Structures are given as structure tokens and as C-alpha cells.
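Sequence lines set the chain letters: A, B, ... in the order given, protein chains first and strands last, and positions in each chain run from 1. Being a predicted model, the structure only gives us computed values, none of them experimental.
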Protein chains: 2
Amino acid sequence: MSNAAIERRTTADDVYDRLLADILALRLFPGDKLSEVVIARQLGVSRQPVREAFIRLDNDGLLRVRPQRATEVRRISLSALRDARFLRLAVELEVLHIACSTDTSAFHARFDSNLKQQKKAMDSGRPDRYHQLDYKLHHLLCKSADREFAYETVKSSKSQVDRLCLLSLSDTREMIETYDDHCQLVACIKENRCEDALSILRAHLSRLDAVLETIQLEHAEYFDPN
Amino acid sequence: MSNAAIERRTTADDVYDRLLADILALRLFPGDKLSEVVIARQLGVSRQPVREAFIRLDNDGLLRVRPQRATEVRRISLSALRDARFLRLAVELEVLHIACSTDTSAFHARFDSNLKQQKKAMDSGRPDRYHQLDYKLHHLLCKSADREFAYETVKSSKSQVDRLCLLSLSDTREMIETYDDHCQLVACIKENRCEDALSILRAHLSRLDAVLETIQLEHAEYFDPN
DNA sequence: TGCTCTCAACTAGTATGGTAGAGGCTGATT
DNA sequence: AATCAGCCTCTACCATACTAGTTGAGAGCA
């Protein structure tokens with residue numbers, strides 16, 4: 001019975017998780033100024049663990065820490081978003097390439113089950129549940145190509161965009177369109193129609209452009225004017 | 001005269017750079033144990049900046065910091081290498097896809113110049129210079145596709161592998177083969193032969209497999225037995 | 001009114017002391 | 001000889017004092 005994988009958690013870990021969640025859930029807004037001292041007081045810890053959490057969040061590109069200046073939640077950079085989107089596209093294209101070139105039949109039942117649940121979530125108007133299944137499907141795609149780690153790239157790119165989407169209302173029409181994409185993607189994989197799968201994915205991801213543009217116009221204050 | 005881009009450098013930054021260079025140049029070996037106190041003494045600073053550098057290197061996956069345990073240089077994980085390679089392949093495939101679908105003529109002279117220098121470095125037996133130009137060519141490819149940031153992914157994946165290559169002798173035959181690939185890649189881009197470019201890139205990157213396998217057998221002690 | 005200078009308040013960076021956990025060594029016990 | 005307990009040392013973690021650079025508000029002057 002090996003417990004080797006269990007790592008002790010530190011105060012700094014807790015602070016990091018807390019701040020990360022706050023940023024992604026937009027309880028902390030892009031542009032907000034943070035202070036080691038203030039956060040430390042709020043969480044009842046010393047400056048040190050807060051400082052370490054700041055360093056890690058700076059590494060993640062979520063905070064901007066500069067000597068002797070107030071630390072702030074990074075504003076959303078359109079070029080960074082574009083870069084993350086490119087990365088996700090590149091990764092998912094290659095994942096699909098592999099999935100369409102190999103035998104993925106072991107996953108077909110799970111694809112179908114996921115799609116069925118997506119439809120249910122859509123019909124009963126539960127966008128939260130739908131988004132969760134959306135993530136899960138892309139995760140399944142990575143797994144079926146034996147590239148599960150690639151899902152990390154997809155997830156981090158997607159969560160950046162999703163943070164923005166919290167700013168706008170969830171769009172039912174959007175859900176229907178993406179559901180349709182999902183069904184087509186799965187069909188292509190089952191039938192090893194590689195080229196079709198790739199072009200559907202390109203269209204799928206490019207749908208986000210319109211959404212982003214709208215949000216940027218509505219909430220210019222959260223964006224980094226490059 | 002704007003100096004806005006100039007960020008003050010801290011002691012912690014210096015320590016980070018120093019340790020990073022030492023790890024990548026194999027002056028610090030995978031498995032080596034480090035200590036905040038020892039490094040601090042060596043560099044003539046306090047423990048604090050060293051600690052912060054450790055945190056950042058841990059984030060980069062180069063160190064392994066655990067509470068109350070000696071910090072160590074992470075051993076090389078074959079699965080992590082495989083993942084990095086996949087990422088690089090995916091990114092460069094899409095970069096090439098763009099490069100072949102757009103007008104890159106503004107870069108053709110720079111491609112040619114780079115290749116000419118590569119040949120010179122190869123003929124005069126200067127593998128260091130050759131590697132430098134190799135990086136530069138891949139950087140140029142990203143720029144020509146207007147995806148310069150993608151070079152970061154390529155570079156970090158490549159530098160992981162290159163660290164390993166320091167363990168083995170540089171192979172002249174290897175240089176000749178990759179030079180040939182480079183020439184073909186550039187030719188395809190110039191003539192917008194997308195499919196050809198992609199398959200050449202796949203072959204180009206898969207050359208690394210054999211090298212990796214050899215090194216792993218010769219230096220098992222640096223590898224993480226997954 | 002509007003500009004500039006000064007200064008106080010606030011920022012993160014650095015140094016250092018104390019703490020608790022991990023691991024190795026020694027010696028006793030079986 | 002093997003094993004186990006207890007101790008001793010070493011580790012990183014956390015708290016806190018101090019330092020140095022940034023910022024912004026307000027006084028004073030034009």
C-alpha cells in the first residue's frame with residue numbers, strides 16, 4: 001500500500017488554490033490590485049506563504065508582480081488569448097489526427113454516452129452541466145488518442161476563454177451549434193474520416209472568435225490594450 | 001523615450017537564471033540534491049531569494065521541492081519528454097500549415113541565409129554553431145507564420161532534448177540528415193507544398209527517437225523509472 | 001488655477017530566527 | 001545477526017524585522 005504519491009500540503013498551497021479559484025471565478029477582477037499584507041491578514045497567515053503563491057500565479061501569467069509596485073491581476077491580453085487558442089487548436093488537431101489513424105473503438109461507447117448527456121443537459125437548459133460535459137468530451141478525445149496529458153493544454157486554454165464567458169450571458173444557440181460539432185467530430189473519428197474531423201475542429205474553435213469580440217467591446221476595462 | 005518595458009531585476013532573478021543555466025548545461029545533474037542554505041552561501045545571498053528561485057524552478061518542472069525534504073534536480077521522465085515532443089510536433093505542424101497557406105516571401109531571403117550558414121557550420125565541423133542556427137531557423141519559421149510566440153514551445157521542448165544530447169557525442173551524420181530536412185522544409189514553404197512539408201517535419205522530429213533511446217540506455221541513472 | 005517639490009505611506013525584496021517533519025545513525029534488545 | 005526505538009541532524013516552511021524603491025497626496029509657489 002504505497003502512499004508515495006501523497007505530498008504534504010503547505011499553507012502556501014492553500015493560499016495558491018484560493019487565489020487561483022478567486023481569479024478564475026472572477027471574484028478578483030483583471031486590473032485589481034492585491035497586497036501581500038492585505039491578503040495575509042484576510043487569510044490569517046503571514047506574508048511569506050502569500051508571497052510564494054503570488055510568485056506561482058505570476059508564473060502562470062495570472063498575476064503581475066513587480067518590485068516595489070502593487071501586484072495586480074493581469075488584464076486579459078488579446079494576443080495571449082490568441083496564442084492560447086492557437087496552442088489548443090494545434091494540439092487538438094494532432095490529437096484528432098491520431099484518433100482517426102488508430103482504433104478507438106474502446107471509447108465509442110463513452111463518446112456516445114457523453115453526447116447523450118450533452119443533449120439532455122442542453123434540452124433541460126443547464127449550461128453549467130453542458131460545459132462540464134464539453135470539457136469531458138475533449139478529455140475523452142485526448143485519452144482515445146493515448147495523449148491524455150494534452151488535455152491540460154486544452155483545459156487551460158479553454159478556461160481562459162470560459163472566464164470571459166462568465167461576463168456574458170450563456171447563449172443557447174451557441175450550445176446547439178457546438179453540440180452539433182461534437183456529434184460530427186465523434187462520427188468522423190468512428191469512421192476514421194481524418195480530413196473531415198480536422199476541418200470540423202477548425203470551425204468549432206473559430207466560433208469562439210465572435211464571442212470574444214463581443215465581450216471585449218462590452219468589457220474593455222478588463223482587457224490589456226496592447 | 002519610454003523605459004516602461006525595463007523591469008528591475010532582483011537577486012532572486014539572478015539566482016534563478018544561474019540555477020537554470022546550471023541545470024540545462026548539466027553542471028547540476030538529475031538526482032543531485034540542493035539545499036537553500038548551501039546555494040545561498042555559494043552565491044553570497046540569503047536563503048530567501050534562493051527559496052524563491054527554487055519555487056520557480058519547481059514550477060518549471062526542473063526541481064522537485066518537497067516539505068522537509070532535500071530539494072533535488074528532477075530526473076528526466078521519458079513520458080514528460082514524449083509529451084513535450086508531441087507538443088512541439090503539434091505546434092510546428094500548424095505553424096507550417098499556416099506558413100504554406102500564406103505569402104512568406106518576405107522571409108525567403110532569411111531562410112536562405114540561415115541555410116547557407118548552417119552548411120558552413122556543418123562543413124567546418126562546428127556543431128555548437130550549427131545547433132544555434134537550427135534554433136534560429138525554427139524561430140524564423142514561427143515568425144513567417146506570424147506565430148512567433150509558438151517558438152517558446154518549440155524551444156523549451158528542444159532544450160530538454162538537447163540537454164540529453166550533451167550526454168552523448170555530437171553526431172556528424174545527424175547534422176547532415178537534419179540539414180537536408182531543413183532545406184526540404186524551406187523549399188516546400190516557398191512552393192506552398194503543404195502536405196510535403198508536414199510529412200518532412202514528422203520525419204525530422206522522429207529522428208530524435210533513436211538518439212533518446214541510446215542515451216537512456218547509457219545513462220539510466222539520470223532517468224526517472226516511471 | 002496649475003505646476004512642482006517634498007514627504008509620508010505603502011509596496012515588494014531580502015535577511016534571519018524559530019519550528020516541525022523526514023531520515024539516518026547508533027545502540028539496545030531479541 | 002536482525003530489528004526496532006530513540007535521538008540527532010538536516011530539510012524546507014513560516015513568521016517577522018528591516019530595506020529600498022514607488023506612488024500619490026498635499027503644501028507651497030508661480
Side-chain angles (χ1 to χ4, degrees), chain A residues 1-20 22-23 28-75, chain B residues 1-20 22-23 28-75:
Chain A
M1 206 157 23
S2 161
N3 281 342
I6 296 180
E7 305 260 318
R8 279 178 46 74
R9 283 188 63 79
T10 65
T11 311
D13 291 332
D14 294 337
V15 176
Y16 173 82
D17 289 345
R18 168 69 180 273
L19 291 174
L20 178 66
D22 284 350
I23 292 171
L28 293 172
F29 290 95
D32 276 4
K33 298 217 188 306
L34 302 185
S35 154
E36 291 181 359
V37 183
V38 174
I39 301 290
R41 258 204 302 267
Q42 284 175 2
L43 302 184
V45 299
S46 77
R47 268 181 59 207
Q48 183 65 19
V50 175
R51 174 169 178 72
E52 299 183 3
F54 277 17
I55 292 174
R56 286 154 68 182
L57 290 163
D58 177 283
N59 258 295
D60 297 344
L62 294 174
L63 289 185
R64 180 177 173 79
V65 178
R66 285 178 299 177
Q68 276 70 49
R69 283 182 187 77
T71 294
E72 61 180 48
V73 180
R74 264 190 203 276
R75 287 175 203 279
Chain B
M1 202 157 29
S2 161
N3 281 340
I6 295 180
E7 304 260 320
R8 282 177 47 73
R9 283 188 63 77
T10 65
T11 310
D13 292 332
D14 294 337
V15 176
Y16 174 83
D17 288 346
R18 169 67 180 273
L19 290 175
L20 177 65
D22 284 350
I23 292 172
L28 292 172
F29 290 96
D32 276 4
K33 297 214 189 309
L34 303 185
S35 153
E36 289 180 1
V37 183
V38 174
I39 300 290
R41 258 205 302 267
Q42 283 175 3
L43 303 184
V45 299
S46 76
R47 284 157 36 216
Q48 182 66 17
V50 175
R51 174 169 177 71
E52 299 186 359
F54 277 16
I55 293 173
R56 286 154 68 180
L57 290 163
D58 178 283
N59 259 295
D60 296 343
L62 294 173
L63 289 185
R64 179 177 173 80
V65 179
R66 285 177 300 178
Q68 278 70 51
R69 254 170 280 197
T71 294
E72 60 179 48
V73 181
R74 262 190 205 274
R75 289 174 202 277

*Using a cut-off of 4.0 Å on non-hydrogen atoms, how would the nucleic acid contact of B/L34 be classed: base, sugar-phosphate, or nothing?*
sugar-phosphate
_Given C/dA12, D/dC13, C/dA15, the nucleotide with the shortest approach to the side chain of A/E36_ = C/dA12
*Would you say A/S35 reaches C/dT11's phosphate, i.e. side-chain N/O to OP1/OP2 under 4.0 Å?*
yes
*asked:* Any N or O donor-acceptor pair under 3.5 Å from the base of C/dG17 to the side chain of B/R47?
replied: yes
*Presence of salt bridge, A/R56 and A/D60, under 4.0 angstrom*: no
*By nearest nucleotide on DNA chain D, pick out whichever of A/P67 and A/Q48 is the more 5' one.*
A/Q48
_Nucleotide nearest A/A70 when distance is taken to its side chain, options D/dA12, C/dT11, C/dT14_ = C/dT11
*Closer than 4.0 Å, any side-chain N/O of B/T71 to the OP1 or OP2 of D/dT11?*
no
_Would you say B/T10 places a side-chain N or O within less than 4.0 Å of OP1 or OP2 belonging to C/dA12?_
no
_Please report the distance, rounded to the nearest Å, between CZ in A/R9 and C1' in D/dA12._
16 Å
_Base of C/dA12 paired with side chain of A/Q68 (donor-acceptor, under 3.5 Å)_ = yes
_With side chain to side chain contact (heavy atoms under 4.5 Å, CB included) as the criterion, how do B/R51 and A/E52 come out once you've worked through the C-alpha distance, each side chain's angles and the decisive distance to 0.1 Å?_
CA-CA 9 Å; B/R51 174 169 177 71; A/E52 299 183 3; 2.6 Å; yes
*Short side-chain N/O contact from B/R66 to OP1 or OP2 of C/dA22, under 4.0 Å*: no
_Lys/Arg-Asp/Glu bridge criterion (N-O < 4.0 Å) met for A/R66, A/D58_ = no
*asked:* D/dA15, OP1 or OP2 - any side-chain N/O from A/S46 closer than 4.0 Å?
replied: yes
